[in-house]
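The structure appears below as structure tokens.
Given the structure is predicted, the values throughout are model-derived calculations rather than measurements. For the numbers below, each heavy atom of this structure counts, side chains included, while hydrogens, waters and symmetry mates do not.
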Amino acid sequence: MAEIAVPVALFLADKVIMFLDKKFGRSSINNNNPCDDVGRARSCLERMRAYLSDHSSAELSAYDGGSQQFQARVKEIRNIAYEIEDVLDEFLLHVPHQFHNDVSQKLHDAVKFFTVQKASREFSDRIQNIDKKLNFVFTLDKIPQFPGRDQESRPSSSTTRHGDSTVTHHNQFLEEEEMVGFEKPKEKLISQLMKGDPRFPNISLVGPGGSGKTTLLKNVFKSKKVQRFFECHAWIDVPRDLCARKLDELLLNMLSKFDPKGRRKESVNHEDLVRALKGKKFVVVLDNVWSKQDLERIVNVLPNDLPGTGSKIVITTRYSEVASSHANSSYIHNMSKVLSWEQAWNLFCRKAFHKSEGKCPTQILDCAEKIVKKCEGLPLAISAVGTLLATKRPTPLDWKKLHESLGSNVPIITQILEPSYKDLPSHLKTCFLYFGMFPEDYSISRERLIRLWVAEGFVMQSRSRKLMEEVAGGYLNDLIGRNLVHVSSREVDGRVRSCRVLNLVREFIIEKAENFITVSLAANCRGTAPGEKIRHLSVHDVRKGNNFSSGTDLSCTRTMLLSGQGSYDSELERLLKTFKFLKVLDLQGINLDNFPDSVFGLTLLRYISLRHTDIKEVPKSIKKLGFLETSDLKHTKVTNLPKQIYKLRNLHHLLVYRYDVTNYVTFEAARSVELSAGNISSLSSIQKLSLISVKNNRKIITALRELKGLRKLGLTDLQKEDGRKLCCSLHEMEQLSTLDVRSTSEEDFLDLDHGEFRPDFLQRLYLKGRLERLPMWISKLHSVVKIGLKWSKLQANENPLEALQALPELMELDLVQYHTVRQIGLHHPAQNSEGSFNNIIPDIA
């Protein structure tokens, strides 16, 4: 886990340097400049990252991760990276982080001066000791790392490696007669190979490891009709690290298969393959392509007159990006669509109970169904598990044990996932492993996941002006494109709404994560070796009375995700006092009545979620959380926020509304929160602010213009006379993508028809309240995908659909009492006209 610990610590070092530079500038504290010491720590981390990069070559991966000596070195580096992270956070604890006015700031800093002076001196000493420790570790590296292993003992390029010959390992589990669920894809693939449009000679099969893409293609490739149809055939396994030497070997292998009787050559070029294939109809399969660059290097050597000969190039890949770069969308076979329950059960029974003609004994039926469910329709996993269980006694106890540790008992699962994991850059490995924090079968919302990643420090700062949340969204899309993360649901515009990892993938993550994450099921912890400190803790389904922190070192814990049905108030207070460096506290959905006072001792906290709890108020002590970035209080009973909230200058997301779900389609369904009077412009980093009542604080409408970086804004209790002031404020929010405004009651008017507002990037618009007419600027919403008009009660001479149907990207229209007449006319443009509600999903009440 050193390759994960080092980047996270580097990110923290950069943030600390920025914070100290803003706080102290280049001034010294007791002849020490903290920024210089942090820079020294950063230099240590850069040296560690360079070391890991230099030693993560293909040679080391060929040894299954390297020698024991190297593994011990990696563990030492990981521990040093964690120590640097601890030292940085320890120093931050003693640096004044709250913001005051000029006079009180100077007084506050003066009081804290001696504390900071002492902390700075200790910080400098510890960094020097860490530097010496790292030098010692690198000195040890001069000792030969692989004693007793000479060049002859190393695996040659032709030796089978993890991930490069998945066909050899995997096909033993799926025989031709057991291609359950592949009948239609097989038929379509054969048709495209033999009868497909000659203009599209390329075919892609894409899906996660174990989805059966290689098995299906191998079955088709070896079929007699395909073999007879093409004059020349070549099946090529593409290595993950396609260096120049391996590319030459791959092309030599390809030429030998196209021309078995030809003279052997030392190298192959484009002309050699053109001569061998001139005028011939050939098919080449490139199995397990890892990148577009590798694909281009291979394809560019092949003849380029494929359409004229009817030849085909077929690839399998785990990456959607690679598949779409190779083939037309009609010739891409998405293998991520898993087997149905009936197909999965049929395949499993054939493998596990072949001696009893595929019939499952009644005494293990319940366990068998649970095992098949856990495989989630992945053909290779089902077949491998079935093959393993065929050797086990059909007793409930034996099968129950295997179900509880399925991933570790079936090595093929690791063989499937290991290559994809190794191919991830370090920042994506961190984000991928984080999915292990969530329970089995759990789908997490995209927004929550992204906010957690950012708060954890997993997201690297972009050189462009992208927000960290936007960068994190790119990470998630990358993991989805690599078929490691599955989309559970999407928004109407196709954006990911929620996602998860498959159960067997989660098992792999738990085994791989070492002490990076710790998952606790009630009193049972997994993921941390004895004596190691917990850094990211997730506790699932803890009941009242479970002393899950007893005997556990939580002094270095950065994350606490807690879920369960017990009553937590008193026990939680005790638990929170054991944390020192906690940055993420997610208590979503637990039984909690009061805001825990111990939270305010968590100085470094960046993220707190009390969503779906019963807390009723936020104490004034919230101002102590100066590093807080996310405060998620949605669906709580909080009705008012104290003015101390304005002290949180790093706050990005303030989410505080709830719904009365029993009366969803009523005007009062959404309950907003009042903000006390104060300087809202101090929340200069805020991106999401919703839903805020302006009923007793109308000055806030004008003050909002200072929040230029807002992406989402939700306001309630607006009156007609507030319209122009609101539009003037909205004019300053150039990045606003979601706007939700509501009048005081369903009979009060909203007046937003003012030209000051320019909705260039608005994607979602919700107007709740009476309208005399639609605002003129609605016709300029060229990016909007969703509009809600509720209780608009437009008069008979106003037809909103005429303006709305011209919006090119509009996909969802939610209308509730939007008109005073029962029916209104809708103009239907000609078929070749633009703007005809072609994409729309209407919801009209």
Answer yes when [X] and [Y] have at least one side-chain N-carboxylate O distance shorter than 4.0 Å, and no when they do not.
| X | Y | answer |
| --- | --- | --- |
| Glu573 | Lys577 | no |
| Arg711 | Glu469 | no |
| Asp553 | Arg535 | no |
| Lys580 | Glu90 | yes |
| Arg47 | Asp131 | yes |
| Glu85 | Lys533 | no |
| Asp586 | Arg448 | yes |
| Arg482 | Asp478 | yes |

Can you tell me if [X] uses its side chain to pair, donor with acceptor, with the backbone of [Y] under 3.5 Å?
| X | Y | answer |
| --- | --- | --- |
| Arg606 | Phe627 | no |
| Ser685 | Arg649 | yes |
| Asp614 | Lys637 | no |
| Asn503 | Asp441 | yes |
| Thr578 | Leu575 | yes |
| His612 | Leu587 | no |
| Ser676 | Leu641 | yes |
| Arg126 | Ser124 | no |

Flag side-chain contact, heavy atom, 4.5 Å: [X] against [Y]:
| X | Y | answer |
| --- | --- | --- |
| Leu628 | Asn650 | no |
| Cys556 | Tyr82 | no |
| Arg40 | Asp37 | yes |
| Leu88 | Phe123 | yes |
| Val501 | Leu484 | no |

Open item on the list: Ser488 vs Ser443, test: side-chain hydrogen bond (donor to acceptor under 3.5 Å, both in side chains). Steps then yes/no.
Closed with: CA-CA 7 Å; Ser488 303; Ser443 290; 2.6 Å; yes
Task: Partner set under side-chain hydrogen bond (donor to acceptor under 3.5 Å, both in side chains) for Thr559, not counting sequence neighbours - done: Glu456, His536
- [ ] Calculate, to the nearest 0.5 Å, the distance between atoms CG and CD1 belonging to Leu45 and Ile84 respectively.
- [x] 4.0 Å
Open item on the list: Measuring from atom CZ of Arg451 to atom OG of Ser631, what distance do you get when rounded to the nearest 0.5 angstrom?
Closed with: 10.5 Å
Measure up the [X] and [Y] rings against each other and bin them: parallel (under 30°), tilted (30 to 60°), perpendicular (over 60°).
| X | Y | result |
| --- | --- | --- |
| Phe438 | Tyr442 | parallel |
| Phe432 | Tyr421 | tilted |
| Trp453 | Tyr475 | tilted |

Open item on the list: Within the supplied structure, the quantity of interest is the number of heavy atoms (other residues, nucleotides, ligands) at a distance under 6.0 Å from Lys708 NZ; does it exceed 12?
Closed with: yes
